[in-house]
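Quick caveat, the model's predicted, so the values are computed rather than measured. Note on naming: letters A, B, ... go to the chains in the order of the sequence lines (proteins, then strands), and numbering restarts at 1 for each one.
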Amino acid sequence: MGSDAQVTMTGPRLLHPGAWWLWAVALSACALRTTNPVLLCLIIAVSGWVVVSRRADVPWSRSFASFLRLGMIVIAVRIVFQIFFGVRIPGTTLFTIPEVTLPDWAAGVSLGGPVTLESLMAAFYQGLRLAAVLACFGAATSLCSPYRMLRALPTVLYEAGVAVTIAFTFAPQAIVASRQVREARRLRGRSDRGVRAWSASAMPVLEGALDRAVALAASMDSRGYGRRGSSSVTVRRRSVGLVLLGLLAIAVGSYGLLDPSAPALFRIPALGLGAAALIGALVAGGKSTTRTRYRPDPWIGPEWMVSLAGVVAFGSFVLVGRMSDALSPSTNPLEVPVVPFVAVIGLLVAALPAWFAPHPPTLASASSPMVVAA
Amino acid sequence: MIRFEHVTITYPEATTPTLVDVSFEVPEGELCLVVGVTGSGKSTLLRAVNGLVPRFSGGILAGSVVIDGRTTSDVAPRDLADVVGVVGQDPAAGFVTDFVEDELAYAMENLGVAPDVMRRRVEDILDLLGLHELRHRPLASLSGGQQQRVAIGSVLTAGPRVLVLDEPTSALDPAAAEEVLAALTRLVHDLGITVLIAEHRLERVVQYADRIVMVPGDGRPIVVGTPAEVFGGSVVAPPVVELGRLAGWSPLPLSVRDARRVAGPLRDQLASIDTEVFSRKARSLGDVVATTDGLQASYGPITALRGVDLEFRAGEVVALMGRNGAGKSTLLNHLVGLREPVSGVVQVMGSVPHRLSARDVVRVAGLVPQDSGVLLYHDTVAAECNASDRDAGLLHGTTRIVLDRVVPGVDASTHPRDLSEGQRLGLALSIVLASEPPLLLLDEPTRGLDYGAKQRLVEVLAQLAADGHAVVIATHDVEVVAAVADRCIVLAEGEVVADGPARDVVVHSPVFAPQVAKVLAPLALLTVNEVQLALAAASDSSYS
Amino acid sequence: MTVASPSRVDAVRLGLTSWVLLIAAFALGIVAFGWPLFASASSSLDSSHSSDAPWIFVILIPLLIGVILAELADGSLDAKSVALLGVLAASGAVLRLPSGGVAGFEPVFFLLIPAGRVFGRGFGFVLGALTLFVSALITGGVGPWLPFQMFGAAWIGFFAGCLPPARGKIEIAMLATYAALSALAYGLVMNLWFWPFVSAGDTTVSYVAGDSLVENLRRFWGFHITTSFGFDIPRAVFSAIFIVVAGRPVLGALRRVARRAAFEAPVVFVDSPVSATSN
């Protein structure tokens, strides 16, 4: 195993998907703590830069652009919302929309009214925050191969992972099959264009798919699928116990979130405990299966560094939030946002994976063991 | 190694048992061939070896099946995975992962093999089956033969002592089939693995078989023995064996080499026969039905056909041969108008097929595609026939009559997907035939058909040609070509490499020659029937 | 020749732990989706304090789904169920491709509801979650909304399996009604999730922490009417029409495969009658 890691440490390979997702989640947690437009734009820029530097040349890596587009749509929607549904707050009026009051069965809300610059800027900041979160998710999606993400699932979710892998393998075949069936309609004297052709070709594709599922299940059974070691009663009890503990903690935490009079202990710590207990249950459940994994993605130096980069950025934001108010620039009265130095440093650290994460392999260097899942 | 003791298997909803009182034994290290017509219970027998029947399919198993000391009634299929490996007809349908290497490791992951042992075994299997260059490839990008070898490799990594294969070469061209069979024989001879294989194309496999299990179906007792014992008396046999029976050779030869060694006297006897007499050119050819002129076709960046000039006349049966990917299906698709040529002209009965509406096209050209299932939409055979009558504007019941002529005895209420291969092909063929198109195209119709069904198909095609249709059949099956084709076109890389009378094209080719031609070379005789007629003519001339 | 197919099989059995988890998940779902309606003033959920408490649900919900899937799979998810899940999830995802989830159009329910009906509620739950997951992975749309979509679709599949037994036209009518209602409910619930993010702060249709449930509901209704309700109605109608038109063949195909896969067929081993004349 050690020699395996030596070989793969320096050559081109795909990073463990978990590292990218940790980094992306940390970055989006940063975005959620602030409405400072400069910082948010910097977050989007950092995620874009890392994607451009380290994405593989495969179809699923193109999705970042669509996430950016979606982010812009969200900003636009939020601003439009503000224009139509804004509550009147005094400020510099830009223009006025005629007021309309909806009838009572539609909740009797009133639309329109004067639109102020302050409210538009507030809406813009909030839309930008959502767009930054979307950019982080888009970065994680573009950088991770869905196939390797599935193989990195914890053992206890193996069955669900297999179902998803089968779905992945099957989906392109379903598309091809539906085209073949639709074209074959011509062979029977029916047109292959139009809605009728599309809808009539769905049933044969579905039936073919279901027959193949049965054949696939037989093949899986013959190759040992579903072989379980005897999980001892204690292991089972342990995982069930952890599950129940986790549920209890989450219930308490949810109540604490809703009711302000509950002690602070009942909020985030309870939810954290609940999440930890559930994760523990998943891990404990995984110990009872007898499956092994063939050449799993290693978690070595670069993975730690990437995850750490994200955590450092998050830490810097927490620090700034404690020290000053720069994370939430005020819109009423409108003022120029202050750019906190510490947060910028944190984000630059988060951009470091663009340099020290390993390059994804190109198809030419496919001799490496960790090959691009195209 | 494999022992069946008084095994009777009944499926959950069947009224009669599928297998009755089957008992046989296969010792270790033998290649055992399971033979029988479609629907006779071959697949049931094979699936009973690792317990899929009855645990996966439901049903009643009387008696016992013992594999390497383990009884399937005690052990589930998943626990037999390290003893028995099962490979199906369609390898792509059994793939669980996306990549070759992961697929090979899948069985070992299930069995909980240690990671370094997994690594070693995967490398060994890659070498054993010649797959090391393909290790990182996605499974969907492999050819049929490569996929079949990956499927075999994926069950071998678990280290089984028994390998069960259900028609592994039916979808493959001759070269790929040879690769797979060579790999199997190496497993048997080098590693001592016991292989149980079901095949319709006996001529490919019988020379390697140590033992034959013949399942006649209908509850009759099975016949077990060496190939010479079993084929001596059976009706279904590969051409080389039939030739041996006709010529009275003993022991019966199983391979071309064995036959050639004893065929000297027969060759001398027939040396003076003019084989042109047997050509079916005696049948007068009619008008030109279809032409292609400088046909150029491509799929995206790949050129599938280059400058193909062909002509098809009424009354002739044309065989289209070539490797997988040579352009056979593309040519057929263009002739029926499913695709538009990049340049060049395709004409059928004076019109350009891809410009015709669907209703008009079926009146001039009909295609039975490779997967006949894509033509079938409805719940029952009766519904299909009625829909076919409606679509083509025919009298109600026309398609049913055609179906009964092509494949008799199909129950009208069966779901089309529950039909056997031969029956499904017959149904698709009768749907296409119902509107009586002058140009009839068939894409790989012989896949999965047993000898009897192939014989029926040959008769139907000969009759259609006699009725004035132009029949074009794309196939790998050289025996069918020998039996029915007047003319043979060989395609390679999108170009026509050979186009002439079937006899001239196939006889001297090492790849396309039927077994009889290989045995009797340099005589140009293609089938056992022709040899029979030639012998009769020779004895007549010796009297005159 | 043809045998009546089973009207319902239970491809994924639910044990006691599974039920407890499902009920807990349902309760958590109500909080995760509906917290704006219950939050009181100055609670941690009031986002004007820029807390990321609501985003904790983004982590909790998938964790809970994961635990439920692990529990359901424990011993109950054999190769047949997994293969069917994979294939049906892929078919559902492929169905969703042309529309891409635009305007909330979810043709994925066309397969989900009949499959939940034929294969049982456990299967329906897992299929709902997996179909949306696969669809998101295929279209590259993994976003923070995904766990909630998975959650919603899983419940649609679950309740489809809870419908009372019926056959023929009554069954089709029942499924069509359920399809319409569940489409409306799904739209409502997803909009409820989306509501605080889009209208946070100071609009006339934002939630006001601490206000009464009725008032917040009124504001949400205003938000809903003006946004997605216009898309929900045609989607519900379309879903119902689809079930009416294509429900019978789809149910037939699913039942046929349930029979062929022999989910609940009896497996019997007997000793063979000793035959004196056998070889």
Quiz prompt | B/R135 versus chain A, the contacting section by heavy-atom distance below 4.5 Å | solution = side chain
Self-check item: Pairs involving residues 166-179 of chain A, ordered by first then second residue, that meet salt bridge (charged side-chain N to carboxylate O under 4.0 Å, His left out) (sequence neighbours left out)
Solution: A/R179-A/E183
Quiz item: Looking only at atom types and distance, does a side-chain atom of A/T292 sit under 3.5 Å from a main-chain N or O of B/A114, one as donor and one as acceptor?
Solution: no
Exercise. Search all heavy atoms of B/F56 against all heavy atoms of A/A218 and return the closest pair with its distance.
Key: CZ-N, 3.4 Å
Quiz prompt | Test item: A/R295 side-chain N/O and B/P115 main-chain N/O as donor-acceptor pair under 3.5 Å | solution = no
Practice problem: Please look at B/R390 and chain A and tell me whether the side chain, the backbone, both or neither of the residue comes under 4.5 angstrom of a heavy atom of that chain. | Solution: neither
Quiz item: So, for A/A184 and B/V374, which heavy atoms are closest and what is the spacing to 0.1 Å?
Solution: CB-CG2, 3.6 Å
Practice problem: Compare every heavy atom of B/V96 with every heavy atom of A/T165, then report the nearest pair and how far apart it is. | Solution: CG2-O, 3.5 Å
Practice problem: Under 4.5 Å heavy-atom distance to chain A, tell me which part of B/D98 shows up: side chain, backbone, both or neither. | Solution: both
Quiz item: Using non-hydrogen atoms only, which part of B/A76 is less than 4.5 Å away from chain A: side chain, backbone, both, or neither?
Solution: neither
Quiz item: Are any of the side-chain nitrogens in A/R293 or B/E109 under 4.0 Å away from the carboxylate oxygens of its partner?
Solution: no
Quiz item: Considering all heavy atoms of both residues, which atom of B/A81 and which atom of A/S222 are nearest to each other, and what is their separation?
Solution: CB-O, 3.3 Å
Exercise. Would you mind checking which part of B/L367 comes under 4.5 Å of any heavy atom in chain A, side chain (CB onward), backbone (N, CA, C, O), both or neither?
Key: both
Self-check item: Shortest non-hydrogen separation from A/R188 to B/D391 and the atoms involved
Solution: O-CB, 3.5 Å
Exercise. Run the numbers on A/D211 and B/R417 for side chain to side chain contact (heavy atoms under 4.5 Å, CB included), then give the verdict.
Key: CA-CA 9 Å; A/D211 285 340; B/R417 285 180 189 273; 3.2 Å; yes
Exercise. Evaluate the criterion side chain to side chain contact (heavy atoms under 4.5 Å, CB included) for residue pair A/Y294 and B/T157; output intermediate values, then yes/no.
Key: CA-CA 12 Å; A/Y294 177 70; B/T157 47; over 6 Å; no
Quiz item: Applying salt bridge (charged side-chain N to carboxylate O under 4.0 Å, His left out), which residue pairs with at least one partner in residues 152-161 of chain B are found, sequence neighbours left out?
Solution: B/E28-B/R161
Quiz item: Under a 4.5 Å heavy-atom cut-off, does chain A meet the side chain of B/A392, its backbone, both or neither?
Solution: neither
Exercise. Any chance you could measure B/L338, atom CG, to A/Q180, atom CD, to the nearest 0.5 Å?
Key: 10.5 Å
Exercise. Mind listing the closest non-hydrogen atom pair of B/F95 and A/R223 along with its distance?
Key: CA-NH2, 4.4 Å
Exercise. To the nearest 0.5 angstrom, please state how far the CG atom of B/L375 sits from the CZ atom of A/R185.
Key: 11.5 Å
Quiz item: What part of A/F170 lies closer than 4.5 angstrom to a heavy atom of chain B: side chain, backbone, both or neither?
Solution: neither
Quiz item: Side chain, backbone, both or neither: which part of B/E384 has a non-hydrogen atom closer than 4.5 Å to chain A?
Solution: both
Self-check item: Inter-residue atom distance B/Y106.OH - A/M220.CE, 0.5 Å rounding
Solution: 4.0 Å
Quiz item: Any donor and acceptor pair, going by atom type alone, linking the side chain of B/R78 with main-chain N or O of A/Y225 inside 3.5 Å?
Solution: yes
Quiz item: Do A/E207 and B/P416 have side-chain heavy atoms sitting under 4.5 Å apart?
Solution: no
